[in-house]
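To start, the structure under review is shown below, and the notes come after it.
Below, chains carry the letters A, B, ... as their sequence lines are ordered, and counting in each starts from 1. Note that the coordinates shown come from a computational prediction; the quantities given were computed from them, not determined experimentally.
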There are 2 protein chains.
Amino acid sequence: MEEKKNCPVCENKYCANKVSIFSVLEDKELKEVTDLIIHKKYKKGQIICFEGDVSDRLYIISRGKIKVFKYTKEGKEQILYILSEGDFIGDLSLLKRSSFKFNAEALEDVAVCTLGKNDFDNVLKENPEIALKILEVVHDRIMRLEDLIQSLSTNDIEARIASLLLSFIKDFGIVEEDNIVLNIPLSREDMANYIGVTRETISRKLSSMQDEGTIELSGNKKIIIKNKENLKLLV
Amino acid sequence: MEEKKNCPVCENKYCANKVSIFSVLEDKELKEVTDLIIHKKYKKGQIICFEGDVSDRLYIISRGKIKVFKYTKEGKEQILYILSEGDFIGDLSLLKRSSFKFNAEALEDVAVCTLGKNDFDNVLKENPEIALKILEVVHDRIMRLEDLIQSLSTNDIEARIASLLLSFIKDFGIVEEDNIVLNIPLSREDMANYIGVTRETISRKLSSMQDEGTIELSGNKKIIIKNKENLKLLV
DNA sequence: GAAAAGATGTGATTAATATCACATTTTAGA
DNA sequence: TCTAAAATGTGATATTAATCACATCTTTTC
């Protein structure tokens, strides 16, 4: 029965293994959790959840990236998080069975492992140490949200863009020679929706930052950071 | 020794008792925690912590209200939270000993109960259920931050003000006849710094909302909501 | 209770981004 | 590979809140 504990989607690993919050579990428990998981796939652009949907499962990203966003009064998207492999959405507080307070959409083809709320609650009750792990993750999210708020309330839009680029560097920057290469999973419009400006504005500002030599735009999905110090000065 | 377990600041109660995260503790443990607490007082306007200060204690508010904020690049305050009795600041994740990522200032005379990080860690290790309680509180804060982000990215400033007033109604609205009375702990400037506009702008918008009959301004610290439905329509 | 300090209101002006319109480039699909 | 659709760039203009300046009101302090 060695086969059974493997997850067909997650490249023959325990998919729960990818999630740091489950890292405190022993192999046996990990297998048990993995067996409870139901897999789902989403094509790029597909909606994973709508605000208001009942949130009775935990969604753990096993492959791909998603954007989590709310709509403003004007109908504009405001992105809250970009989540990738190992991240999760869904209600983590015990007993509460509420609804999603945001929308989530696949930025690329995405595989998700889902765990029923009841099953998760049981795992949590039997392994309260998991709550401490969750706290770490949640603490990190809070700090990101606080930073985003600080950025959104800055009137200087180049500063907001610089913050965004610096966070991209942290999350998926690749160092190549003297430069840092960013393969951005977001369209220009998404980037604009992350820092609360219009597509046209971010387009113009990125161009001017290129003219100043701080960055280099390479197609629509790649930005090369030529001068990270300049970015830091802008923030 | 009945006297000793009382907290001199917190009106002769276990001060830890006020904090919902400690509600899972038995009386004996509650006493132990209370004995570990050191009390501090702050006058209105005093700074409780600066961004970057080492955060080696948990600060539990026992009386008064505080504002938690960051500075934008331009030096403008951006308020993140208004916290009151029972709320806390400080690092809740086990083992981590980091620094405050924000500033906090007393909005009125404030009494705080502080618990050393080591002591808190011990309590947490012996009572992992507390982590679940913390998760609830932290979940609530995340939702508030997400809502604030949604509000800040809305260009319609009356909508932002309406959101702010609606959250005030939830937090400290008093129903009187057909109206809701808000005794606001914030100055106009603080309110402006909460929703990311200037003092002048919020002053003008509040006046126009008064002209429309939605609210009534009574001095600087009191706003009477004449028509809550109007506010909801604005958001 | 008076004076000073601080907070708020308000008009005039400026500055910057949103908006609109459309050209151009890139991507995806047959 | 070609074509259609989608995404992006860019100019002109409108709009709106920021800024500046100062009057007025409120609160604090002696």
Side-chain angles (χ1 to χ4, degrees), chain A residues 43-46 67 72-79 105-109 151-161 164 183-211 215-223 234, chain B residues 43-46 67 72-79 105-109 151-162 164 182-211 215-223 234:
Chain A
K43 286 268 167 206
K44 176 177 177 176
Q46 273 194 304
K67 66 174 173 184
T72 67
K73 187 200 176 191
E74 297 99 338
K76 195 175 64 171
E77 280 181 25
Q78 173 59 47
I79 294 182
E105 183 184 323
L107 288 170
E108 34 196 64
D109 289 359
S151 173
L152 284 172
S153 73
T154 303
N155 289 323
D156 179 343
I157 286 181
E158 288 211 1
R160 290 199 225 171
I161 295 179
L164 181 68
N183 292 301
I184 312 233
L186 303 179
S187 67
R188 288 286 182 275
E189 183 142 33
D190 284 331
M191 288 177 67
N193 288 339
Y194 206 164
I195 62 169
V197 296
T198 59
R199 180 183 62 77
E200 294 93 326
T201 297
I202 206 167
S203 171
R204 280 185 255 260
K205 294 284 183 185
L206 285 175
S207 293
S208 75
M209 287 168 87
Q210 178 169 238
D211 295 344
I215 61 173
E216 187 186 318
L217 303 172
S218 169
N220 292 338
K221 295 288 185 180
K222 192 178 192 177
I223 296 178
L234 286 173
Chain B
K43 286 264 169 211
K44 176 177 177 176
Q46 273 194 304
K67 66 175 172 184
T72 68
K73 186 199 176 190
E74 296 99 338
K76 193 177 65 172
E77 282 181 22
Q78 172 59 47
I79 295 183
E105 183 184 323
L107 288 171
E108 35 196 65
D109 289 359
S151 172
L152 284 171
S153 73
T154 302
N155 290 323
D156 179 342
I157 286 182
E158 289 212 358
R160 290 198 225 171
I161 296 178
L164 181 69
L182 299 178
N183 292 301
I184 312 237
L186 303 179
S187 67
R188 289 286 183 274
E189 184 143 33
D190 284 331
M191 288 177 67
N193 288 340
Y194 206 166
I195 62 168
V197 296
T198 60
R199 179 184 63 77
E200 293 93 326
T201 297
I202 206 167
S203 171
R204 278 186 255 262
K205 295 284 182 183
L206 284 175
S207 292
S208 75
M209 286 167 87
Q210 178 170 237
D211 294 344
I215 62 174
E216 187 185 318
L217 304 170
S218 169
N220 292 338
K221 297 287 186 182
K222 192 178 192 176
I223 297 178
L234 286 173

Are any of [X]'s side-chain N or O atoms less than 4.0 Å away from OP1 or OP2 of [N]?
{"X": "Thr201(B)", "N": "dA17(D)", "answer": "no"}
{"X": "Arg188(A)", "N": "dG9(D)", "answer": "yes"}
{"X": "Lys205(A)", "N": "dA16(C)", "answer": "no"}
{"X": "Ser203(B)", "N": "dT10(C)", "answer": "no"}
{"X": "Lys221(B)", "N": "dA7(C)", "answer": "no"}

Carboxylate-amine/guanidinium proximity below 4.0 Å for Lys44(B) and Asp109(B): no
Side-chain donor-acceptor pair present, Glu189(A), Ser187(A), cut-off under 3.5 Å: no
Under 3.5 Å donor-acceptor pair, Arg204(A) side-chain atoms to dT19(C) base atoms: yes
Nucleotide of [options] approaching [X] most closely (side-chain heavy atoms):
{"X": "Asn220(A)", "options": "dA17(D), dT26(C), dT8(C)", "answer": "dT26(C)"}
{"X": "Glu200(B)", "options": "dT10(D), dA18(C), dT19(D)", "answer": "dT19(D)"}
{"X": "Thr198(A)", "options": "dA7(D), dT8(C), dA18(C)", "answer": "dA18(C)"}

Any Val197(A) side-chain heavy atom under 4.5 Å of Lys205(A) side chain: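 Not touching, per the 4.5 Å side-chain cut-off.
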Flag side-chain contact, heavy atom, 4.5 Å: Glu77(A) against Asp190(A):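 A side-chain contact under 4.5 Å exists here.
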Nucleotide [N], atom [atom2] - distance to [atom1] of [X] in whole Å:
{"X": "Glu74(A)", "N": "dT17(C)", "atom1": "CD", "atom2": "C1'", "value": "14 Å"}
{"X": "Ile184(A)", "N": "dA7(D)", "atom1": "CD1", "atom2": "C1'", "value": "15 Å"}
{"X": "Leu217(A)", "N": "dG9(D)", "atom1": "CG", "atom2": "P", "value": "7 Å"}
{"X": "Arg160(B)", "N": "dA18(D)", "atom1": "CZ", "atom2": "C1'", "value": "12 Å"}
{"X": "Leu206(B)", "N": "dA17(D)", "atom1": "CG", "atom2": "P", "value": "13 Å"}
{"X": "Leu186(A)", "N": "dA6(D)", "atom1": "CG", "atom2": "C1'", "value": "17 Å"}
{"X": "Arg199(B)", "N": "dG9(C)", "atom1": "CZ", "atom2": "C1'", "value": "8 Å"}
{"X": "Lys44(B)", "N": "dT26(D)", "atom1": "NZ", "atom2": "C1'", "value": "11 Å"}

Residue whose nearest DNA chain C nucleotide is more 5′ - Ile157(A) or Gly219(A): Ile157(A)
Sugar-phosphate only, base, or nothing, as touched by Lys76(B) at under 4.0 Å among non-hydrogen atoms: nothing
Donor-acceptor pair, side chain of Lys67(B) and main chain of Leu107(B), under 3.5 angstrom: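 Not at all, since once roles are kept as given, no pair shorter than 3.5 Å links the two residues.
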